[in-house]
Structures are given as C-alpha cells and as structure tokens.
Amino acid sequence: MQTNESLEHAMAALAQDPYVGANPELHEFWQAAARHELLVKTCTQCSRAHWYPRMFCPFCASEDTEWRKASGLGKIYAFSEVVRAEPPYILAYVRLDEGPVLLTNMVDCDPAALHIDQAVKVRFRPAQEGRSFPVFTPN
Ligand SMILES: [Zn+2]
C-alpha cells in the first residue's frame, strides 16, 4: 500500500522522467503504474487486450482502444536468469490473464524454483529515472 506522500513523490518523479516525456501516448499507463495499477490497452471492437500499447488494435486494426485495469495476474511463459549481470536478475515473459505477453522481470523469488506456467502476480519497482514499472513475483 502507498501513502499519499509516496504517491505524490511518485507523480513528481514521473513528471521528470525523460522516457515518460518522450512517449505521451503512454502517460496514462505510467500514471497508473505510479499508483501500482497495471493498465492494458484493450480494443472496444473485438474486446482483445494487447501489449505493447498501440494507437490501434493489432488484431482488427480498429482505432477504438482504451486503457483497462488488468488483474495483475498471469503465468510464466518463459524465463531466464541473467547470471552475468551484477546483481543477477531474472528476465521473463509473463502471459497476463487478459491475454497479452509482457517482457518483464521476476523478483522476490528463488530462480531454481520457477517453472513455466507458474502463477504470478504484478509488483511495481521504481526505475532510476522515476517511473514505476511492472515486475512479477510468484503468486
Ligand atoms: Zn480489435
């Protein structure tokens, strides 16, 4: 849970983040992430969710898409521990319950205990530049 003060701090940091400033179409996504909510672009014509967020639906080409709050739940599609990094980290593709597959990181877990199709839930971590980004942990 976030306090009002930490949320204010997160929103102020977001305003300074050059990546967020360079991608205004994703501003709503990063604002939600600062509140620790995961949004996915969803097509109002064919009802399918997609990732990475686009201005039109990649399935039916409709421009009628909207941000919807995702459950934050999914399953591991693939993962790999990057042991040459310092510190090592776990790169993963997670398939959200809503359908899209995200490239992300697994956190707070034992890499040796992870497996394909394992149930996971979203967490948010601060990037150096200020925004919070979604990562996943075993559920
Ligand atoms: Zn569509």
Side-chain angles (χ1 to χ4, degrees):
M1 266 307 178
Q2 287 181 295
T3 63
N4 280 343
E5 196 178 321
S6 71
L7 184 58
E8 264 177 46
H9 179 78
M11 289 299 180
L14 195 59
Q16 302 298 319
D17 188 313
Y19 179 82
V20 173
N23 298 277
E25 73 280 9
L26 299 180
H27 207 236
E28 201 171 333
F29 174 86
W30 294 117
Q31 281 185 319
R35 297 189 304 267
H36 294 185
E37 291 176 11
L38 180 63
L39 299 185
V40 291
K41 267 289 184 106
T42 306
C43 178
T44 58
Q45 294 300 307
C46 74
S47 301
R48 295 178 73 180
H50 63 267
W51 184 268
Y52 196 79
R54 296 178 183 89
M55 302 302 285
F56 62 90
C57 173
F59 303 111
C60 74
S62 169
E63 291 180 10
D64 295 327
T65 63
E66 64 184 13
W67 292 107
R68 287 190 192 161
K69 191 177 171 194
S71 63
L73 302 175
K75 290 196 166 92
I76 295 177
Y77 179 78
F79 69 96
S80 181
E81 187 181 10
V82 182
V83 293
R84 288 182 176 215
E86 187 49 49
Y89 63 95
I90 304 163
L91 201 58
Y93 281 105
V94 166
R95 182 181 295 281
L96 298 178
D97 283 1
E98 290 79 10
V101 177
L102 277 66
L103 179 60
T104 184
N105 294 134
M106 291 296 302
V107 299
D108 301 334
C109 60
D110 173 8
L114 295 178
H115 58 87
I116 304 299
D117 272 342
Q118 185 170 359
V120 295
K121 61 187 171 189
V122 74
R123 287 284 176 265
F124 288 86
R125 289 290 157 86
Q128 243 176 1
E129 300 85 356
R131 66 189 181 278
S132 292
F133 63 94
V135 295
F136 286 79
T137 191
N139 188 12

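Note that the coordinates shown come from a computational prediction; the quantities given were computed from them, not determined experimentally. In what follows, residues are counted from 1 in the order of the sequence shown.
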Determine the minimum heavy-atom distance between [X] and [Y], stating which atoms define it.
{"X": "Ala92", "Y": "Met106", "answer": "CB-CG, 3.7 Å"}
{"X": "Lys75", "Y": "Asp117", "answer": "CD-O, 3.4 Å"}
{"X": "Ser71", "Y": "Asp97", "answer": "OG-CB, 4.0 Å"}
{"X": "Gly72", "Y": "Phe136", "answer": "O-CE2, 3.8 Å"}
{"X": "Pro138", "Y": "Lys121", "answer": "O-CE, 3.9 Å"}
{"X": "Thr42", "Y": "Ser47", "answer": "CG2-O, 3.8 Å"}

Applying side chain to side chain contact (heavy atoms under 4.5 Å, CB included) to Ile76 and His115, what does each step give before you reach the verdict?
CA-CA 7 Å; Ile76 295 177; His115 58 87; over 6 Å; no
Using a 3.5 Å distance criterion without hydrogens, assess whether the side chain of [X] forms a donor-acceptor pair with backbone atoms of [Y].
{"X": "Thr44", "Y": "Glu66", "result": "no"}
{"X": "Asp17", "Y": "Arg131", "result": "yes"}
{"X": "Thr137", "Y": "Val107", "result": "yes"}

Cation-pi check, Lys41 to Trp67: give yes when NZ or CZ is under 6.0 Å from the six-membered ring centre and within 45° of the ring axis, no otherwise.
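Satisfied, under 6.0 Å and within 45°.
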Under 4.5 Å between side-chain heavy atoms, chaining through other members, with only Ile, Leu, Val, Met, Phe, Trp and Tyr counted: pull out the rest of the cluster around Leu103, sorted by chain and number.
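Hydrophobic cluster check, Leu103: joined to Tyr77, Val82, Tyr89, Leu91, Tyr93, Val101.
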Aromatic plane relationship, His50 with Phe59 - under 30° parallel, 30 to 60° tilted, over 60° perpendicular
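If you compare the ring of Phe59 with that of His50, the planes turn out perpendicular.
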Could you see if [X] belongs to whatever hydrophobic cluster contains [Y]? Use Ile, Leu, Val, Met, Phe, Trp, Tyr and a side-chain cutoff under 4.5 Å.
{"X": "Leu39", "Y": "Met55", "result": "no"}
{"X": "Val83", "Y": "Ile90", "result": "no"}
{"X": "Trp51", "Y": "Phe124", "result": "yes"}
{"X": "Leu26", "Y": "Phe56", "result": "no"}

Tell me, with the steps shown, if Phe29 and Leu38 meet side chain to side chain contact (heavy atoms under 4.5 Å, CB included).
CA-CA 7 Å; Phe29 174 86; Leu38 180 63; 3.9 Å; yes
Please check if the number of heavy atoms outside Glu5 that lie under 6.0 Å from its CD is greater than 12.
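For Glu5, atom CD is not crowded (no more than 12 foreign heavy atoms under 6.0 Å).
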Does Glu63 CD have over 12 foreign heavy atoms under 6.0 Å away?
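Counting other residues, nucleotides and ligands, CD of Glu63 stays at 12 neighbours or fewer.
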Could you grab the distance from atom CZ of Arg123 to atom OG1 of Thr104, nearest 0.5 Å is fine?
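If we round to the nearest 0.5 Å, Arg123:CZ and Thr104:OG1 are 12.5 Å apart.
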Drop me the distance from His36's NE2 to Ser132's OG, to the nearest 0.5 angstrom.
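Going from the NE2 atom of His36 to the OG atom of Ser132 covers 4.5 Å.
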So Thr65 and Arg54, side chain to side chain contact (heavy atoms under 4.5 Å, CB included) or not? Walk me through it.
CA-CA 9 Å; Thr65 63; Arg54 296 178 183 89; over 6 Å; no
Under the criterion side chain to side chain contact (heavy atoms under 4.5 Å, CB included), I'd like the reasoning laid out for Ile116 against Phe79: C-alpha separation, chi angles, the key distance, then a yes or no.
CA-CA 8 Å; Ile116 304 299; Phe79 69 96; 4.1 Å; yes
